[in-house]
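Numbers for residues simply follow the sequence, beginning at 1. Just so you know, ligand 1 is whichever comes first in the structure, and atom 1 is the first atom listed for that ligand.
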Amino acid sequence: MSETPADYKGPQRVLSGMQPTGRLHLGNYLGALKNWVALQDNGDLDCFYCVVDMHAITMPHDPRALPDAVRAAAAAYIAAGVDPDKSTIFAQSAVPAHAELAWIFNCVARLGWLERMTQFKDKAGKDSERASVGLFTYPVLQAADILVYKATHVPVGEDQKQHLELCRDIAARFNRDYGDGEAIFPLTDPVIQGPGARIMSLRDGSAKMSKSDVSDNSRINLEDDADAIARKIKKAKTDPEPLPSEEAGLETRPEASNLVGIYAALTGKTKADVLAEFGGQGFGAFKPALADVAVEYLAPISDEFRRLISDKAEIDRILSKGAEHARAVADPVVSETKRIVGFWH
Ligand code: AQP
């Protein structure tokens, strides 16, 4: 039996999600959302985009704020171009099949696989004994999120690469243990592409841009206005050297490399193109050019976000409709899986 994706005969589906753990930022957009929209507009793929609120409770959270945070994430998806008439947008917790499949996958994944996950080590910090068990098994739930739709493509940023390898390991192990010669689950392909796949903090070129960074100046939020964007780029950490003319000159300059990468991702150019234009110039010239590009790009997204977020009823309608469709696809997959592992039926 071969376990390659080519073996898998099911429909081509896309699944991805974001945590409602804060305001979505440029890293979330360039690393993932932009590719979500491209895959949706490709036309041949059935796309499922969820707000992963079950993942959000793996860390301390405010239960009163969570429902609105889910609505805000859904509004950001739509403002960024995810079309609820073309893609299924829903809250993860509204589809119980994710949790059911996660339990089965907890019994497929091996402890050693999870112990290698670097995101757990980063998020748990030094006192990992006090981290929730949910944070440890987070990648297993993520595999269930994906495979409960038998998704074949998952557009994510580079930081998710290791989790997607684990998802493939779980699918391969399940297929081998239970498949009887058949690929029950696809070996999902990560879609990680473009200069935006890893956007770094504006305050520290060695840390990724993140919702949970305590400094708001470290990120550009999708809902920031023009003044905030220009101010954050002006304050972004850099070095005193002018920009190099060749990409190799960025290798030891993480902050410069990050800003050039952001410019490239926003303009659809390569880093080499950007350096051909700005090589030899200092940040005094480059930062205002980057701010102009970022403001022009993000203004329609933040305007649309503000319009959508003021209409809670409309967002709830979209989330309810999405959940209904998601359940209709996910429930039969879980029923089939339960039968395969031998549960009473
Ligand atoms: N800096 C980044 N560059 C490129 N892609 C990124 N992603 C996140 N940060 C960057 C991608 O965004 C998607 C959603 O991520 P998530 O909400 O599940 O959580 P995360 O990866 O842990 O993102 P954050 O912003 O750092 O959130 P917190 O602070 O809550 O942990 C994923 O596809 C991710 O790759």
Side-chain angles (χ1 to χ4, degrees), residues 14-39 47-62 65-66 69-70 72-74 76-77 80 82 89 91-92 98 117-125 131-132 134-135 138-139 141-143 145-146 151 153-167 188-216 218-223 232 236 254-255 257-259 261-262 264-266:
V14 177
L15 178 289
S16 198
M18 302 215 181
Q19 296 187 75
T21 41
R23 297 190 286 173
L24 298 193
H25 52 73
L26 193 61
N28 296 136
Y29 177 76
L30 294 174
L33 266 176
K34 195 165 179 268
N35 290 330
W36 293 14
V37 177
L39 289 165
C47 298
F48 293 80
Y49 297 129
C50 59
V51 182
V52 291
D53 50 356
M54 287 159 67
H55 286 281
I57 68 163
T58 58
M59 298 284 278
H61 73 289
D62 177 359
L66 193 54
V70 170
Y77 293 1
V82 178
I89 302 173
Q92 179 191 30
H98 290 236
M117 295 296 112
T118 56
Q119 185 168 301
F120 172 76
K121 290 178 193 154
D122 292 346
K123 292 205 170 180
S132 72
L135 186 67
Y138 181 119
L141 176 58
Q142 190 173 344
D145 298 337
I146 296 165
H153 301 76
V154 179
V156 281
E158 213 170 82
D159 57 323
Q160 292 299 322
K161 202 168 167 204
Q162 197 185 32
H163 287 174
L164 291 191
E165 279 161 13
L166 185 103
C167 175
T188 308
D189 274 332
V191 182
I192 301 173
Q193 60 193 19
R198 188 165 180 78
I199 300 294
M200 310 310 282
S201 156
L202 298 181
R203 307 299 301 158
D204 174 2
S206 66
K208 78 164 185 155
M209 187 177 282
S210 170
K211 292 185 223 98
S212 51
D213 193 316
V214 285
S215 166
D216 191 54
S218 69
R219 62 184 161 261
I220 295 175
N221 302 306
L222 291 188
E223 59 202 84
K232 288 176 180 180
E255 284 84 16
S257 177
N258 187 38
L259 295 185
I262 292 174
L266 289 172

Quick check: do [X] and [Y] have side-chain heavy atoms less than 4.5 Å from each other?
X	Y	answer
L202	L259	yes
S206	P254	no
T21	H61	no

Given that the side chain starts at C-beta and the backbone is N, CA, C, O, which of these parts of [X] lies under 4.0 Å from ligand 1, counting heavy atoms, or is it both or neither?
X	answer
K123	side chain
S16	neither
N28	both
I199	both
A32	side chain
R198	backbone

State whether the side chain of [X] and the backbone N or O of [Y] hold a donor-acceptor pair below 3.5 Å, judged by distance alone.
X	Y	answer
R23	L222	no
S218	S201	no
N258	M200	yes
Y77	C50	yes
E158	A197	no

Could an N or O of ligand 1 be found under 3.5 Å from any N or O of [X], whether backbone or side chain?
X	result
T21	yes
G17	no
G157	yes
K208	yes
G27	yes

Can you report which non-hydrogen protein atom sits closest to atom 28 (P) of ligand 1, along with the distance?
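Here the closest protein heavy atom is S212 OG, 3.6 Å.
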
Give the atom numbers and elements of ligand 1 that come within less than 4.0 Å of a heavy atom of [X].
X	value
K211	16 (P), 17 (O), 19 (O), 23 (O), 24 (P), 25 (O), 26 (O), 27 (O), 29 (O), 30 (O)
G31	4 (C), 5 (N)
G196	4 (C)
Q19	16 (P), 17 (O), 18 (O), 19 (O), 22 (O)

Below 4.0 Å from ligand 1: does a non-hydrogen atom of A197 turn up there or not?
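Heavy atoms of A197 do come under 4.0 Å of ligand 1.
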
Are H25 and ligand 1 in contact, using a heavy-atom cut-off of under 4.0 Å?
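In this structure, H25 qualifies as a contact of ligand 1 - some heavy atom is under 4.0 Å.
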
Measuring from Q92:CD to M54:CE, what's the distance to the nearest 0.5 Å?
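With rounding to 0.5 Å, CD (Q92) is 4.5 Å from CE (M54).
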
Atom pair CD/CG of Q19 and L24 - distance to nearest 0.5 Å:
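If I round to the nearest 0.5 Å, the distance is 10.5 Å.
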
Out of V156, I262, D159, whose heavy atom is nearest to atom 34 (C) of ligand 1?
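The residue whose heavy atom sits nearest atom 34 (C) of ligand 1 is D159.
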
Using heavy-atom distances, let me know which of E158, H163, M18 sits nearest atom 14 (C) of ligand 1.
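That would be M18.
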
Does a sphere of radius 6.0 Å around NZ in K121 hold more than 12 heavy atoms from other residues, nucleotides or ligands, not counting ones at 6.0 Å or beyond?
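More than 12 heavy atoms, drawn from other residues, nucleotides or ligands, come within 6.0 Å of this atom.
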
Between K208 and D213, is there a side-chain N and carboxylate O pair less than 4.0 Å apart?
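Not counted as a salt bridge, because no side-chain N and carboxylate O are separated by less than 4.0 Å.
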
